[in-house]
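In what follows, a single structure is set out as structure tokens and then discussed.
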Amino acid sequence: MRQRLAVKSSAIGLVARMSALDLSLISTRLFVQYIGIEIKGISGIISNMLSLLQLAEMGIGAAIVYALYKPLAENDIESVKSLMAFYKKSYRAIGILILFIGIIVSFFLRVLIEETSYSWDYIYLVFFIQLLTSVSTYLIGAYRRNLLYADQKQYVNVIIDTIANVVFTVVRLCVIVYARSYIAYIILQLIQTVASNLIIFGISQRDYPYLKEKDIKPYSKMPELIGNLKNVVIGKIGGVVYNSTDNIIISKFVGVIAVGYITNYATIKSMVKVLVNSVMEPVRPMIGNYVIENSEVKKSYRLFLNYTFVRFVIGNIITVGLVVLFNPLIDIWLKEGYTLEIIVPILIAMDLYIDILHGPTWEFMNALGLFRSDRNLSYGGAFVNLVSSIILVQIMGTPGVLVGTVIAQCYYWIARAHIIFSRYFQTGRLKYCLHIAGYSAITIIDSIIVTIIRNRLMPRTNIVMFIVMCGICVSVSLLSIMIFWSRTDEYLFMKNMLLQMVNRKNKECVE
């Protein structure tokens, strides 16, 4: 049942995200054309600043999702009620705290945003509208999303978010073209956030009617939950610093316009991550439930290797495609003049590859509740990312920040792999390392082969040849994977999983 829910969530997530992808690309294209690259850079800086304020959330969501796995599996309604009541109070307090800190942070905007042609009244208005969007997430029912997620009903969140995104993106397109108003654009984002959270809140009220009950007892394992919260806080810091400082550093040392250019690349990167997460995210609660209910570490290790291979297949295809076709895609999407040197797409592809491939280490740590182990390495990760980016941006410019990010990603991967093998698997470390070395070597070779093919077939950007090259990228990746791994357990696992999905779908169609 849980595997079917995970497959259902993955399928719905992928289809839903793909349906919204074209609209998002069109929206960004029109944004740059009608509103401009400078305000896009300013928006990117403000978004990074507000992401840093998410530290106030302190990882409460991750800790409570972990705490919800067992009560939901055992239908322990009282524990679920207690956890959700605590979650609700926490999020309301966090929303108020973020609003207060955001007001204070607004006084430092002039330090981070320099050489802008926009008035400061306009920039402050943009900041506070985006701040309200962030605050509304915590004040209006968003905590119910994690209940659906922990119960392996993430597809509900995805469907609602996708419908809202499609509807509001169409409206925003009209605003961009006819009104050319960025203020109206971000007000619509605020309305979209509130509307989708209210709908999800209503669905959770229907599916979990006991949440309406007033007789809520204190959570029996509150000391354990508080302990996990303390450990998650530090881990949250590292993640936020990693994800939210690049644009700020680029703005300070390179300029706002440079942020606008790199934001175009970040938009594509974010879309790719959304597509990957829409497929992989439903698997995470399944892993949590599997680890809690299954005491055989060998089976968990086999699941870990199989899951890593599945992510490698996805990561290989994406990495090869981005290295070879990132700049041509920008040219086709935004027209010529918005691309950066080739090192930029290579570094972004490396960042995504590491993020995709090392995902299982982080997901198993969360499933096992190893929050304490994760917190200490986050100090180092945040420090490595921040310091290396600041040093390298002054030497290399914008690429230096991306190099710093890749270095921090490598640090997290090595450290988390060490923890998961030391604390849980106990053995199999060398086998895992050899697998990763093989995966990475083939990805590099595939990228070189397809780059040579592209240089011969597509010396200039052409949409027809771009489509042909997309097919070549996928074909080369899949061919190399079949040549080197077709006889492995991991490949057979993935093949059988895909066959089961197809057979189940065919059976449902017949019925």
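No experiment lies behind these values; they were computed from the predicted model shown.
Side-chain polar atoms of Arg145 and Ser204 form no donor-acceptor pair below 3.5 angstrom. Under 3.5 Å, the side chains of Asn157 and Tyr149 contain no donor-acceptor pair of N or O atoms. Side-chain contact annotation: Asp151 with Tyr208, donor-acceptor N/O pair under 3.5 Å present. Side-chain N/O atoms of Asn316 and Thr443 include a donor and acceptor closer than 3.5 Å. No side-chain donor from either of His358 and Arg311 sits under 3.5 Å from a side-chain acceptor of the other.
Shortest non-hydrogen contact noted between Val323 and Ala349 is CG2-CB, 3.7 Å.
Counting only distance, with no hydrogens or angles, the side chain of Arg454 and the backbone of Val324 share a donor-acceptor pair below 3.5 Å. Remark: side-chain polar atoms of Ser196 are paired, donor with acceptor, to backbone N or O of Thr193 under 3.5 angstrom. Under the 3.5 Å distance criterion, the side-chain polar atoms of Ser477 are left unmatched by any main-chain donor or acceptor of Val474. Formation of a donor-acceptor pair under 3.5 Å by the Asn165 side chain with backbone atoms of Asp161 is not found in this model.
Using a 4.5 Å cut-off on side-chain heavy atoms (C-beta onward), Leu357 and Ile436 make contact. Residues Tyr338 and Asn327 form no side-chain contact, since every pair of their non-hydrogen atoms from C-beta on lies 4.5 Å or further apart. Counting heavy atoms from C-beta outward, Ile250 and Ile262 have side chains that approach closer than 4.5 Å. A heavy-atom distance below 4.5 Å is not found between the side chains of Phe326 and Thr339. Residues Cys473 and Ile317 are not in side-chain contact: their nearest non-hydrogen atoms beyond the backbone lie 4.5 Å or more apart. Using a 4.5 Å heavy-atom threshold, the side chains of Tyr353 and Leu322 count as separate. For the pair Arg429/His418, a side-chain contact is recorded, criterion being any heavy-atom separation below 4.5 Å from C-beta on.
Classified by interplanar angle (parallel below 30°, tilted 30° to 60°, perpendicular above 60°), the ring pair Tyr301/Phe421 is perpendicular. Between Tyr439 and His435, the ring-plane angle classifies as tilted under the 30° and 60° cut-offs. In this pair, Tyr424 and Phe364 present their aromatic rings tilted. The plane angle is within the 30 to 60° band. Between Tyr491 and Phe309, the ring planes lie perpendicular to each other; the angle is over 60°, past the 30° to 60° tilted range.
A ring-centre distance under 6.0 Å is found for Trp485 and Phe312.
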Intermediate values then yes/no, side-chain hydrogen bond (donor to acceptor under 3.5 Å, both in side chains), Glu363 and Tyr307: CA-CA 11 Å; Glu363 290 167 20; Tyr307 183 39; 2.7 Å; yes
Begin from the C-alpha positions of Thr361 and Phe304 and carry the test side-chain contact (heavy atoms from CB on, under 4.5 Å) through to its verdict. CA-CA 8 Å; Thr361 60; Phe304 175 76; 3.8 Å; yes
Run the side-chain contact (heavy atoms from CB on, under 4.5 Å) check on Leu392 and Ile407 step by step: do they pass? CA-CA 11 Å; Leu392 292 172; Ile407 292 172; 4.3 Å; yes
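Lys269 pairs in a side-chain hydrogen bond (donor to acceptor under 3.5 Å, both in side chains) with only one of the listed residues (Asp351, Asp355, Asn264), which is Asp351.
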